[in-house]
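If you read the sequence from its start, that first residue is 1, and numbering goes on from there.
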Amino acid sequence: MKKLAGIIEVEPKPGAREQFNDWIPSGYTYFLQLIAHDLVESSLFLSRSEGSVLGLSNVRSKPLRLETIFGGGPIQCPFAYNEDKSGFRNRLRLGEVRKDGKFYTGNTDDLRDIARARATEVLGENSYPEALIADGRNDSHAILSQIVVMFHHLQNQLLESLDDNPKICPTGSHLVNAQRKFVAGQSACALIYRSIIRNDILSKILHPGVFAEYESGRITVLDPPQGLDTGTWLVPLEFSFGFFRFGHAMIRSVYSFNPRTEISEYRGLGLPLILEHTSEKNAGLMPFEEFWTIDWQRFFGSDPATTNFSVPIGPWSRLDIEGAARGQDTNEPGLTFRDLTSSIATQPWSVRALAERLSPTHGKLLQLSPFLRGPLDTPKAPPWYADISRWLSERRSAPETGQHLDDNDIRILATDPPIPFFARFEAGLDPGIAGKHLGVLTSIVVADVFYGIFQHDRLLDIDGNWDLAAQLRRLSEILFDGKPDAFSGAENVTTVERLIDFLGARIEFPTGG
């Protein structure tokens with residue numbers, strides 16, 4: 001795995017100009033990271049534990065319900081919530097942005113950062129080392145924390161609309177009213193989030209043939225999720241530590257956050273700076289200055305002149321990206337090596353065995369891939385062997401990382417490729433895809449997990465196959481005495497672009513800022 005990582009880390013070669021994928025703007029790279037945090041919260045850093053799985057567990061009990069945003073709610077995570085007039089903590093906190101070059105003094109009313117705080121022992125210092133969010137991983141860099149801000153604003157906006165809705169009859173108890181509205185707002189956020197995943201995220205990342213079959217229901221979910229009612233649900237390890245790591249291939253070296261950080265050969269915000277701009281790593285730079293806040297059209301728009309498009313998905317990285325992930329400790333493994341080692345440490349199904357298992361039900365889809373056509377019952381001669389062997393042979397040496405693959409290494413890797421490598425290879429080397437979206441096998445595994453959740457995990461017993469308008473209408477009826485329109489205005493928030501429009505001035509980069 002170390003040898004393979006060393007080859008991938010220098011593809012394309014250092015100094016080569018990055019190529020970009022205009023089908024997937026870079027905001028989706030980090031929205032996918034938020035989704036990953038919502039599916040998996042591990043008890044260990046498996047990728048840094050030298051292959052040991054002792055004590056490994058996933059503490060996520062309910063998938064795709066925005067636990068990564070809401071945590072266990074106001075009782076379990078009170079630090080993530082503000083009180084309302086009833087004294088109940090029901091509103092997700094937000095933080096103020098400070099003016100560039102100015103110390104934070106409060107009262108800017110520019111709530112486009114997550115909430116940050118100082119513990120008593122640092123009260124005399126100008127630093128904010130505590131991120132007041134339910135999942136601390138969501139302040140791992142300056143892009144992800146601002147995506148979290150979107151969902152905090154979404155919950156707040158929905159709660160405000162409920163407060164202003166004269167059709168919602170109070171119960172006679174301020175506390176009961178506040179708790180009921182919290183459940184309503186949280187559930188509505190989760191339904192909107194799932195709708196965005198289904199209508200926007202999956203339609204972009206999945207192979208079109210796979211997306212069409214799952215979305216239409218022509219293919220039945222092969223591995224329905226178990227334990228949803230008992231809280232023992234587990235995401236398949238092949239998914240979490242294998243196929244869903246493809247997003248690391250989409251990372252670019254430099255990003256433009258707003259009109260003041262334009263992309264050029266030598267300008268913009270580099271990945272090392274972005275990764276360091278957190279409460280944990282740079283408390284003295286918190287809260288965010290206006291310079292660090294995002295103009296969202298640059299991450300989810302389509303303008304070739306200003307949009308940060310993602311890197312095409314494929315078996316490549318860059319030394320500067322791997323170095324940024326390592327940080328100050330050069331002995332730390334890079335992203336690619338972490339993905340490869342964690343995928344084999346969990347002892348997953350092999351790619352061949354998985355494809356063979358899928359063949360009776362997904363055979364027509366498998367035939368769409370040049371790497372999956374042909375017999376799968378011969379372990380030493382899978383249909384992708386020649387293509388992977390040729391690709392590795394052409395790149396067998398990487399002097400920059402000191403790695404070299406001999407003939408036996410290439411034979412082993414081509415015969416039984418680790419899942420994260422295969423997922424990136426089938427996307428990047430299929431000439432019909434060229435990194436634009438996922439390949440067939442990865443798309444099937446990803447779709448099976450997501451559609452299994454949509455179909456079998458019902459929020460308040462609301463049918464996951466209904467459109468968002470019907471789901472929100474039913475949610476309103478359940479929680480507000482049969483009233484159908486408590487969430488009027490939110491029915492069309494089915495894409496990230498529509499979410500940005502829905503939140504409007506709350507998250508908008510200031511004109512002329």
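- Salt-bridge formation is detected for the pair Glu290/Lys99: a Lys NZ or Arg NE/NH1/NH2 atom is positioned less than 4.0 Å from an Asp or Glu carboxylate oxygen.
- Going from atom OG of Ser127 over to atom CZ of Arg116 covers 12.0 Å, rounded to the nearest 0.5 Å.
- Between His277 and Trp292, the two ring planes are parallel [angle under 30°; tilted spans 30° to 60°].
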Q. Could you go step by step and tell me if Leu354 and Val445 meet the side chain to side chain contact (heavy atoms under 4.5 Å, CB included) rule?
A. CA-CA 9 Å; Leu354 183 58; Val445 174; 3.8 Å; yes
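- Residues satisfying the ring pair (Phe, Tyr, Trp, His ring centres under 6.0 Å) test with His141, not counting sequence neighbours, are Tyr30.
- Under the 30°/60° scheme for interplanar angles, the aromatic rings of Trp296 and Phe299 are found to stand perpendicular.
- Contact record, Phe243 with Thr442: CD2-OG1, 3.5 Å, taken as the closest heavy-atom pair.
- Ionic pairing of Arg112 and Asp110 is present here: one or more N-O contacts between side-chain nitrogen and carboxylate oxygen are shorter than 4.0 angstrom.
- Counting heavy atoms from C-beta outward, Ile313 and Ile433 have side chains that stay 4.5 Å or more apart.
- Classification of Lys181 and Asp163 as a salt-bridged pair holds, one side-chain N sitting under 4.0 Å from a carboxylate O.
- Here the closest heavy-atom approach between residue Leu460 and residue Ile478 is recorded as O-CD1, 3.6 Å.
- The closest donor-acceptor contact from the side chain of Ser310 to the backbone of Ser26 lies at 3.5 Å or more, if one exists at all.
- Rounded to the nearest 0.5 angstrom, Ile147 CD1 and Ile507 CD1 are separated by 10.5 Å.
- Under 3.5 Å, the side chains of Asn465 and Arg198 contain a donor-acceptor pair of N or O atoms.
- Minimum heavy-atom separation, Ala249 to Gly314: CB-O, 3.5 Å.
- Side-chain atoms of Glu491 do not come within 3.5 Å of backbone N or O of Leu472 as any donor-acceptor pair.
- In this model, a donor atom of one side chain and an acceptor atom of the other lie less than 3.5 Å apart for Thr68 and Asp135.
- Screening residues 151-161 for salt bridge (charged side-chain N to carboxylate O under 4.0 Å, His left out), with sequence neighbours left out, gives Glu160-Arg506.
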Q. Can you list the steps and then say if Asp457 with Arg65 is a salt bridge (Lys or Arg N to Asp or Glu O under 4.0 Å)?
A. CA-CA 10 Å; Asp457 183 40; Arg65 294 196 177 194; 2.8 Å; yes
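- A donor-acceptor pair is defined here as one N or O able to donate and one able to accept, closer than 3.5 Å; no such pair exists between the side chain of Thr307 and the backbone of Pro304.
- Remark: Lys167 fails to qualify as a cation-pi partner of Phe480 under the 6.0 Å distance and 45° angle criteria applied to the six-membered ring.
- Note on Arg474 versus Asp463: no salt bridge recorded, every NZ/NE/NH1/NH2 to OD/OE distance being 4.0 Å or above.
- At least one side-chain heavy atom of Gln179 sits under 4.5 Å from a side-chain heavy atom of Leu175.
- A donor-acceptor distance shorter than 3.5 angstrom exists from the side chain of Thr108 to the backbone of Val97, with no hydrogens or angles considered.
- For the pair Thr495/Phe300, no side-chain contact is recorded, criterion being any heavy-atom separation below 4.5 Å from C-beta on.
- The backbone N or O of Leu358 sits less than 3.5 Å from a side-chain atom of Thr361, completing a donor-acceptor pair.
- Because its NZ or CZ atom is not both nearer than 6.0 Å to the ring centre of Phe291 and within 45° of the ring axis, Arg260 does not count as a cation-pi partner of that residue.
- Of the listed residues (Leu206, Ile201, Ile35), just one forms a side-chain contact (heavy atoms from CB on, under 4.5 Å) with Phe450, and that residue is Ile35.
- A donor-acceptor contact shorter than 3.5 Å links the side chain of Gln157 to the backbone of Phe502.
- Side-chain contact between Pro236 and Val449: present, with at least one pair of heavy atoms (C-beta onward) separated by less than 4.5 Å.
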Q: Step by step, work out the side chain to side chain donor-acceptor pair (under 3.5 Å) result for Thr171 and Ser173.
A: CA-CA 6 Å; Thr171 64; Ser173 165; 5.0 Å; no
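- Taking both residues in full, the closest heavy atoms of Leu39 and Leu64 are given as CD2-CD2, 3.8 Å, listed atom of the first, atom of the second, then distance.
- Checked for salt-bridge contact, Arg458 and Asp229 miss the test: no charged N lies under 4.0 Å from a carboxylate O.
- Judged by the 6.0 Å distance and 45° axis criteria, Lys62 is not positioned over the aromatic ring of Trp233.
- Gln455 has its side chain within reach of Val221: a pair of non-hydrogen atoms, C-beta onward, lies under 4.5 Å apart.
- A cation-pi geometry, defined here as NZ or CZ lying under 6.0 Å from the six-membered ring centre and within 45° of its normal, does not hold between Arg98 and Tyr104.
- The shortest side-chain heavy-atom distance between Pro74 and Phe88 falls under the 4.5 Å cut-off.
- With hydrogens and angles ignored, the 3.5 Å screen pairs no side-chain donor or acceptor of Glu426 with any backbone N or O of Ser369.
- The aromatic rings of Phe454 and Tyr451 stand perpendicular to each other, their planes meeting at an angle above 60°, with 30° marking the opposite boundary.
- In this structure, Phe257 has its ring center at least 6.0 angstrom away from the ring center of Tyr255.
- Across all non-hydrogen atoms, the minimal contact from Leu222 to Asp448 is N-OD1, 2.9 Å.
- Between Arg498 and Asp501, no side-chain nitrogen of the basic residue sits less than 4.0 Å from a carboxylate oxygen of the acidic one, so the salt-bridge criterion is not met.
- Not one N or O on the side chain of Asn138 forms a donor-acceptor pair closer than 3.5 Å with the backbone of Ser145.
- The minimum heavy-atom distance between Val440 and Leu365, with the atom names listed, is CG1-O, 3.2 Å.
- Under the 6.0 Å cut-off for aromatic ring centres, Phe182 and Tyr81 qualify, their centroids lying closer than that.
- Looking only at distances, no side-chain donor or acceptor of Thr261 sits under 3.5 Å from a matching main-chain atom of Ser256.
- With Asp295 contributing its side chain and Arg298 its backbone, the two residues share no donor-acceptor pair below 3.5 Å.
- Glu238 places a side-chain heavy atom less than 4.5 Å from the side chain of Ile419.
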